[in-house]
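Each chain gets a letter, A, B and so on, in the order its sequence line appears, and its residues count up from 1. Keep in mind that this is a model prediction, so the values were computed, not measured.
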Amino acid sequence: MDVVAVIDFETTGLSPAQGDRATEIAAVILENGKVVDRYQSLMNAGVGIPSFIEELTGISNAMIRQAPTATVVMREVSDFVSDIPLVAHNASFDCKFWDAEVARINLTRRQEFACSLLLSRRLLPLAPSHKLGALVEYANLPLAGRAHRALADAEMAASLLTHLADELRSRYGIRQVTHELLRKIQGIPKAKVEQVLAKHQQSQ
DNA sequence: TGCCAGGCCCTCTTTAGGGCCTT
């Protein structure tokens with residue numbers, strides 16, 4: 001598979017348009033099914049964390065007060081991933097926070113996101129749930145730490161992505177799993193996935 | 001004043017509604 005950077009944000013809520021901000025980010029570089037590098041940091045965006053989010057993530061206001069600023073962290077993580085294609089679980093969420101946070105430091109995203117949630121709905125349609133934790137359990141993948149912390153979730157999403165790439169190889173004979181192919185697959189209507197991937201296999 | 005995310009995906013759909021997923 002292409003080298004990709006799997007990222008995960010923890011935030012104060014669901015919508016940067018409603019004033020929510022990032023509190024933690026992690027990025028892992030995935031190369032040939034192995035995590036070869038990691039970045040993780042809490043960040044202080046100068047906003048309070050609601051109590052139910054503190055309970056959900058374990059990230060407290062006290063922890064954030066001691067963290068480097070969002071400006072510093074977003075510069076570092078942008079440098080870390082460079083122009084490597086990005087992946088996240090429910091990427092529409094992480095993409096909107098990524099774009100909002102880098103816009104604050106006058107940067108622009110240089111690459112596309114692929115989404116392990118959309119891919120899982122197509123490649124693991126029988127999973128009882130497509131939440132990240134439920135998919136990790138369904139596919140017998142290793143737990144990486146406390147759920148709802150950025151590095152653990154990024155590591156588990158990376159494991160899931162590797163599993164999905166293995167499925168593409170074993171079930172459809174796809175030899176070269178590229179980020180571009182993942183983006184194509186996640187956009188196939190669910191009812192046509194089998195048909196399109198079978199055709200792709202024949203055209204290789 | 002009152003409201004407050006948004007995209008995907010299914011279905012008893014398309015002049016719509018509701019569950020899933022992310023924090």
Side-chain angles (χ1 to χ4, degrees), chain A residues 4-28 40-64 67 70 73-74 77 86-104 109 112-139 141 143-161 163-164 182-196:
Chain A
V4 297
V6 183
I7 73 150
D8 186 73
F9 274 108
E10 304 305 319
T11 71
T12 62
L14 295 173
S15 173
Q18 299 292 321
D20 292 319
R21 295 294 305 273
T23 58
E24 185 179 46
I25 189 167
V28 301
Q40 178 271 327
S41 182
L42 293 167
M43 70 180 96
N44 185 349
V47 297
I49 304 174
S51 58
F52 78 98
I53 299 279
E54 282 189 317
E55 281 186 35
L56 176 72
T57 64
I59 298 171
S60 67
N61 283 292
M63 290 162 68
I64 291 303
V73 173
M74 291 309 300
V77 73
L86 296 170
V87 178
H89 196 70
N90 199 6
S92 66
F93 173 84
D94 293 276
C95 181
K96 68 187 179 184
F97 273 97
W98 182 279
D99 288 351
E101 293 293 347
V102 298
R104 288 174 175 275
R109 177 165 47 89
E112 298 290 347
F113 272 87
C115 178
S116 57
L117 169 64
L118 296 179
L119 289 164
S120 296
R121 283 178 175 158
R122 284 159 181 76
L123 300 175
L124 303 174
L126 299 181
S129 160
H130 293 88
K131 292 180 183 178
L132 179 58
L135 288 164
V136 165
E137 186 176 345
Y138 177 75
L141 302 172
L143 293 172
R146 187 195 200 284
H148 292 298
R149 284 302 298 265
L151 184 58
D153 282 1
E155 298 253 16
M156 288 192 286
S159 293
L160 174 61
L161 185 68
H163 177 74
L164 295 173
L182 296 175
R183 299 237 328 145
K184 180 181 170 188
I185 292 169
Q186 74 184 36
I188 301 170
K190 279 187 72 181
K192 292 190 174 177
V193 169
E194 291 291 330
Q195 178 189 342
V196 172

Under-4.0 Å side-chain N/O to phosphate OP1/OP2 contact, [X] with [N]:
X	N	result
A:T11	B:dT22	no
A:R122	B:dC9	yes
A:H89	B:dC21	no

| With sequence neighbours excluded, what pairs up with A:F9 under the ring pair (Phe, Tyr, Trp, His ring centres under 6.0 Å) test? |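 In terms of ring pair (Phe, Tyr, Trp, His ring centres under 6.0 Å), with neighbours along the sequence ignored, A:F9 is linked to no residue.
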Nearest-Å distance for atom pair [atom1]/[atom2], residues [X] and [N]:
X	N	atom1	atom2	answer
A:I59	B:dT23	CD1	C1'	10 Å
A:F97	B:dA5	CZ	P	12 Å
A:I64	B:dT23	CD1	P	15 Å
A:F113	B:dC8	CZ	C1'	17 Å
A:I7	B:dT23	CD1	C1'	13 Å
A:H130	B:dC8	NE2	P	16 Å
A:L123	B:dC9	CG	P	12 Å
A:D99	B:dA5	CG	P	19 Å

Students often get this wrong, so: under 4.0 angstrom with heavy atoms, is [X] touching a base, only sugar-phosphate, or nothing?
X	answer
A:T12	nothing
A:K190	sugar-phosphate
A:T23	nothing
A:E10	sugar-phosphate

| task | Report the distance from atom NZ of A:K96 to atom OG1 of A:T11, rounding to the nearest 0.5 Å. | result |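 One finds 9.0 Å between NZ of A:K96 and OG1 of A:T11.
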| field | Spacing of A:E24 atom CD and A:Q40 atom CD [to the nearest 0.5 Å] | value |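 Here the interatomic distance stands at 4.5 Å.
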If the [atom1] atom of [N] is compared with that of [M], how far apart are they to the nearest Å?
N	M	atom1	value
B:dG7	B:dT23	C1'	16 Å
B:dA16	B:dC12	C1'	11 Å
B:dG2	B:dC9	P	37 Å
B:dC4	B:dG17	P	15 Å
B:dG18	B:dT13	C1'	12 Å

| field | Closest listed nucleotide, where the reference is the side chain of A:L117 and the choices are B:dC21, B:dT23, B:dC4 | value |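 Side chain of A:L117 sits closest to B:dC21.
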| Candidates B:dG7, B:dG6, B:dT23 - which lies nearest the side chain of A:R121 |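 Output: B:dG7.
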| Given DNA chain B, 5'-ward residue of the pair A:N90 and A:Q186, judged by closest heavy atom |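 Result of the comparison: A:Q186.
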| message | For A:L118 and A:D94, find the nucleotide of DNA chain B closest to each by heavy atoms; which residue's nucleotide sits nearer the 5' end? | response |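 Between the two, 5'-proximity favours A:L118.
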| Would a 4.5 Å heavy-atom cut-off, applied to side chains only, mark A:L132 and A:H148 as touching? |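 They are not in side-chain contact.
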| field | Heavy-atom check, side chain of A:I25 versus side chain of A:M43, under 4.5 Å | value |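 In contact.
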| task | Return the minimal non-hydrogen interatomic distance between A:G58 and A:R149, and the atom names on each side. | result |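 So the minimum-distance heavy-atom pair works out to O-NH1, 4.4 Å.
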| query | Where do A:R121 and A:K190 come nearest, in terms of heavy atoms and distance? | reply |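 The answer is O-CE, 3.3 Å.
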| query | Of all of residues 151-161 of chain A, which get a heavy atom below 4.0 angstrom from DNA chain B, listed by number? | reply |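 Close to the strand are A:D153.
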| query | Going by atom types only, do A:D20 and A:T12 share a side-chain donor-acceptor pair under 3.5 Å? | reply |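 A pair is found: one side chain offers a donor N or O, the other an acceptor, under 3.5 Å apart.
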| said: Consider side-chain contact (heavy atoms from CB on, under 4.5 Å). Of A:L117, A:V6, A:D8, A:I7, which one does A:H89 pass it with? | reply: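 Going through the options one by one, the only one that passes is A:L117.
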